[in-house]
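Working notes, beginning with the structure itself.
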Amino acid sequence: MTKRILFVCLGNICRSPSAEGVTRALAGSRDLMLDSAGTSGWHIGEPPYGEMRRAAGARGYDLDTLRARQFARSDFESFDLILAMDDQNLADIEALRPPGNDTPVRLFTDYAPETGADHVPDPYYTRDFDGALDLVETCARGLLASLD
Ligand code: 4NP
C-alpha cells in the first residue's frame with residue numbers, strides 16, 4: 001500500500017523541498033507518495049530557493065517543478081507520516097493536530113542517529129546548502145531503510 005509522507009519546514013523553499021526531492025530520487029521502486037509544506041505561508045506558490053535548487057541540481061536532484069504551500073490541519077488525515085526539520089516545526093505542526101488524530105510526527109534527523117544531528121540546520125540562514133544536502137541525504141537513506 002502506498003505510504004504517504006510529508007516533509008515540513010518553515011518556508012517550504014529550502015529544507016523540506018530538498019527532503020522531498022532527495023527522498024523521491026533515492027526511493028527506487030518503493031510505493032511512496034511524497035510532498036512537502038511550510039508551517040508559514042510566506043512563500044506560497046514559489047519554487048524552491050535559487051541556491052538550494054542549484055546545489056541540489058549539481059547532485060542530480062531536480063527541485064524546479066516544486067511549489068511552496070502551507071501546512072494545513074487536513075495534512076494529518078492526508079499523510080501516514082509527517083517529518084519536521086526542527087523542533088519549532090514540530091511544535092507548530094503539533095499545535096494544529098485535530099482531536100483524536102494519531103498520525104506520527106517525527107524529526108527527519110531521527111532517521112540519521114549516526115550524525116548526532118537533532119535538526120536540519122536551515123541553509124537559508126547558514127548559507128551551507130551542501131551541508132544541508134549531505135544531512136538530508138543521510139536522513140533520506142535512513143528513512144527509506146526504515147520502510148523496508
Ligand atoms: P526553509 O528555510 O524553512 O528551509 O524553507 C527558510 C526559507 C525562508 C525563510 C525562512 C526559512 N524566510 O524567512 O523567508
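Predicted, not measured: the structure shown is a model, and the values here were computed from it. Note that ligands are numbered from 1 as they come in the structure, with each ligand's atoms numbered from 1 the same way.
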Show me the side-chain donor-acceptor pairs of residues 116-123 shorter than 3.5 Å, one per line, residues at least two apart or across chains.
unit_1	atom_1	unit_2	atom_2	d
Asp122	OD1	Tyr124	N	3.0
Asp122	OD2	Arg15	NH2	3.3

Atoms of ligand 1 close to [X] [distance to a heavy atom under 4.0 angstrom, numbered from 1]:
| X | result |
| --- | --- |
| Trp42 | 12 (N), 13 (O), 14 (O) |
| Leu10 | 3 (O), 10 (C), 11 (C) |
| Cys14 | 1 (P), 2 (O), 4 (O), 5 (O) |
| Gly11 | 1 (P), 3 (O), 5 (O) |

Between Phe129 and Arg53, is there a cation-pi geometry (under 6.0 Å to ring centre, at most 45° from the normal)? no

Could you tell me which residues satisfy side chain to side chain contact (heavy atoms under 4.5 Å, CB included) with Ile44, sequence neighbours excluded, listed by chain and number? Gln70

Just need the protein heavy atom nearest to [atom], so name the residue and atom and give the distance.
| atom | result |
| --- | --- |
| atom 6 (C) of ligand 1 | Asp122 OD2, 3.4 Å |
| atom 14 (O) of ligand 1 | His43 NE2, 2.7 Å |
| atom 12 (N) of ligand 1 | Tyr124 CE2, 3.4 Å |

To check you understand the geometry: which heavy-atom pair defines the closest contact between Leu144 and Leu26, and what is its length?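 Between these two residues, the closest heavy atoms are CD1-O, 3.4 Å.
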
Flag Ser16 as yes when one of its N or O atoms lies below 3.5 Å from any N or O atom of ligand 1, and as no otherwise.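 No: no nitrogen or oxygen of Ser16 is under 3.5 Å from one in ligand 1.
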
Polar contacts were defined as any N/O atom of the residue lying under 3.5 Å from an N/O atom of the ligand; does this apply to Pro123 and ligand 1?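 Between Pro123 and ligand 1 (N or O atoms, distance only) the closest approach is not under 3.5 Å.
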
Does Leu143 offer a backbone N or O that forms a donor-acceptor pair with the side chain of Ser146 under 3.5 Å?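 Between the backbone of Leu143 and the side chain of Ser146 there is a qualifying donor-acceptor contact (under 3.5 Å).
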
Between the side chain of Ser36 and the main-chain N/O of Glu20, is any donor-acceptor distance below 3.5 Å?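 Flag not set: sc Ser36 to bb Glu20 has no pair under 3.5 Å.
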
Part of Tyr125 within contact of ligand 1 (heavy atoms, under 4.0 Å):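 Answer for Tyr125: side chain.
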
Please find out if less than 6.0 Å separates the ring center of Phe76 from that of Phe71.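 So the answer is yes for these two rings.
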
